[in-house]
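For reference, the structure discussed in these notes is given below.
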Amino acid sequence: MENSQTRIKIKETIIVEGKYDKIRLAPLFDANIIELGGFRIYNNKDRLALIRRIAEKNGIIILTDSDSAGFRLRHYLSSAIPKANIKNVFIPDIRGKEKRKAKPGKENLLGVEGMTTEVLLSAFRKAGIDPESGNSERTEPFSKSFLYEIGLSGGENSSELRRKLCEFYSLPKMLTTNSLAEILPIITTKAELISAIKELKET
């Protein structure tokens with residue numbers, strides 16, 4: 001899989017946090033990969049403008065770490081670029097540290113660079129991107145009213161239920177209700193989701 005001759009072609013540009021994430025993905029994907037340089041993107045208006053232009057042309061895939069810093073960067077891009085031009089890929093919360101680091105990060109979570117090939121490809125599939133063909137389909141998100149009806153928003157225990165659900169589907173626990181509305185219809189059906197929530201409420 002990681003041989004340069006078997007890289008998977010992705011038409012969208014993949015946006016990652018830093019150079020080690022780019023190095024990790026380069027053997028897997030035949031795609032344009034742009035690094036943000038971490039929080040330096042906040043002051044790099046030229047790079048943000050470039051990402052906007054790329055997003056308008058072919059779309060972008062945002063792939064950041066699953067810690068709070070990664071979500072802040074994801075939110076920054078999502079607020080600056082039209083939603084229709086973005087696909088979000090989320091890696092699961094996996095505790096540990098990358099081999100090159102002396103100690104784990106503040107939240108003790110592996111970043112993109114520390115993910116195995118299997119986990120990375122699974123994350124792309126959960127976002128509706130078929131890593132084997134490079135094809136991707138947009139799926140209509142679940143409505144906010146539906147998420148409210150099944151207890152994922154607006155309820156006293158909604159945040160805890162969302163946390164359990166993210167763990168159930170190997171998604172980062174910091175996902176917002178809006179993000180869940182987008183990703184859940186890709187990985188499950190309404191009937192299966194209702195069944196899973198019923199089970200989680202009993203645990």
Side-chain angles (χ1 to χ4, degrees), residues 1 7-18 21-22 24-38 41 47-67 69-94 111-113 115-144 146-147 152 162 165-166 169-190 193:
M1 174 61 70
R7 292 190 304 162
I8 298 162
K9 190 169 184 61
I10 299 286
K11 67 176 183 177
E12 295 94 346
T13 293
I14 304 173
I15 308 297
V16 295
E17 291 185 41
D21 300 327
K22 184 175 181 177
R24 177 68 189 96
L25 296 184
L28 300 179
F29 298 107
D30 178 8
N32 187 26
I33 304 172
I34 292 180
E35 58 184 270
L36 296 174
I41 188 63
R47 175 151 295 198
L48 181 60
L50 171 64
I51 294 171
R52 277 202 194 102
R53 289 197 297 272
I54 290 171
E56 288 173 4
K57 185 175 181 181
N58 289 320
I60 61 171
I61 295 169
I62 301 178
L63 176 60
T64 60
D65 295 350
S66 58
D67 59 9
F71 272 87
R72 284 200 298 274
L73 288 167
R74 189 185 293 274
H75 177 73
Y76 177 73
L77 290 179
S78 298
S79 64
I81 296 168
K83 187 176 179 181
N85 299 333
I86 296 173
K87 293 186 178 78
N88 284 290
V89 173
F90 299 99
I91 58 171
D93 292 341
I94 299 177
V112 169
E113 66 170 289
M115 294 291 122
T116 65
T117 296
E118 181 182 354
V119 168
L120 286 169
L121 297 186
S122 175
F124 272 75
R125 290 190 189 96
K126 286 178 179 177
I129 303 164
D130 180 1
E132 303 309 323
S133 66
N135 293 331
S136 59
E137 298 293 336
R138 282 207 172 271
T139 305
E140 283 298 311
F142 288 148
S143 68
K144 290 184 179 179
F146 171 67
L147 296 186
L152 288 178
R162 288 196 302 272
L165 191 70
C166 287
Y169 285 115
S170 296
L171 297 168
K173 64 183 178 182
M174 293 180 67
L175 280 187
T176 63
T177 305
N178 287 339
S179 294
L180 281 172
E182 291 182 15
I183 200 167
L184 285 173
I186 298 171
I187 63 177
T188 189
T189 65
K190 283 188 175 182
L193 178 58

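Computed over heavy atoms, backbone and side chain alike; hydrogens, waters and symmetry mates excluded.
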For the pair Ser79 (side chain) and His75 (backbone), establish whether a donor and an acceptor sit closer than 3.5 Å, ignoring hydrogens and angles.
-> yes
Distance from Ile183 atom CD1 to Thr188 atom OG1, nearest 0.5 Å?
-> 11.5 Å
Taking all non-hydrogen atoms of both residues, which atom of Pro172 and which atom of Ser66 are closest, and how far apart?
-> CB-CB, 3.6 Å
Got Phe142 and Leu152 here, is their nearest side-chain heavy-atom distance under 4.5 Å?
-> no
Would a distance-only check, ignoring hydrogens and angles, find a side-chain to backbone donor-acceptor pair under 3.5 Å from Arg7 to Ala26?
-> yes
Heavy-atom closest contact (Asp93 atom, Leu171 atom, distance) = OD2-O, 4.5 Å
Side chains of Arg125 and Ile187: does their closest heavy-atom pair fall under 4.5 Å?
-> no
Check whether NZ of the Lys or CZ of the Arg Lys126 lies under 6.0 Å from the centre of the six-membered ring of Tyr169 and within 45 degrees of that ring's axis.
-> no
Minimum side-chain heavy-atom gap Glu182-Lys87 below 4.5 Å | no
Worked verdict on Asn178 versus Lys144 for side-chain contact (heavy atoms from CB on, under 4.5 Å) = CA-CA 8 Å; Asn178 287 339; Lys144 290 184 179 179; 3.2 Å; yes
Donor-acceptor contact below 3.5 Å, side chain Arg162 vs main chain Thr177 | no
Of all heavy-atom pairs between Glu17 and Gly70, which one has the smallest distance, and what is that distance?
-> OE2-CA, 3.4 Å
Interatomic spacing from CD1 in Ile54 to CD1 in Ile34 - rounded to 0.5 Å = 3.5 Å
Indicate yes or no: at least one non-hydrogen side-chain atom of Val112 is less than 4.5 angstrom from one of Thr64.
-> no
Specify the closest pair of heavy atoms between Ala55 and Ile81, including all atoms of both residues, with the distance to one decimal.
-> CB-CG2, 3.7 Å
Give the minimum heavy-atom separation between Pro185 and Glu140, together with the two atoms involved.
-> CG-O, 3.5 Å
Validation row: Asn58, Lys11 side chains within 4.5 angstrom (heavy atoms) | no
Nearest heavy-atom pair of Cys166 and Lys173: which atoms, and what distance?
-> CB-CA, 4.0 Å
Starting at CZ of Arg74, measure out to CG of Leu175 and round the result to the nearest 0.5 Å.
-> 8.0 Å
For side-chain contact (heavy atoms from CB on, under 4.5 Å), just list the numbers for Leu48 and Leu77, CA-CA rounded to whole Å, side-chain angles, deciding distance to a tenth of an Å, and then say yes or no.
-> CA-CA 8 Å; Leu48 181 60; Leu77 290 179; 3.9 Å; yes
Distance in Å, Ile61 CD1 paired with Phe29 CZ, rounded so as to fall on 0.5 Å steps | 7.5 Å
Partner residues of Ser143 under the side chain to side chain donor-acceptor pair (under 3.5 Å) criterion, sequence neighbours left out = Ser145
Distance from Leu50 atom CG to Arg47 atom CZ, nearest 0.5 Å?
-> 7.5 Å
Measure the shortest side-chain to side-chain distance between Ile62 and Ile60 over non-hydrogen atoms and say whether it is less than 4.5 angstrom.
-> yes
In this structure, CG of Asp67 is separated from CE of Met174 (nearest 0.5 Å) by 7.5 Å
Considering the options Asp65, Leu121, Leu63, Leu120, which one meets the side chain to side chain contact (heavy atoms under 4.5 Å, CB included) requirement together with Met115?
-> Leu120
Are any non-hydrogen side-chain atoms of Tyr76 and Leu36 less than 4.5 angstrom apart?
-> no
Pairwise side-chain contact, Leu73 with Ile15, heavy-atom cut-off 4.5 Å (strictly under) = no
For Thr176, side chain to side chain donor-acceptor pair (under 3.5 Å) partners two or more places apart = Ser179
Verify side-chain contact (heavy atoms from CB on, under 4.5 Å) between Phe124 and Ile14, making sure each step is shown before the conclusion.
-> CA-CA 11 Å; Phe124 272 75; Ile14 304 173; 4.1 Å; yes
Asp21 (side chain) donor-acceptor with Glu113 (main chain) under 3.5 angstrom | yes
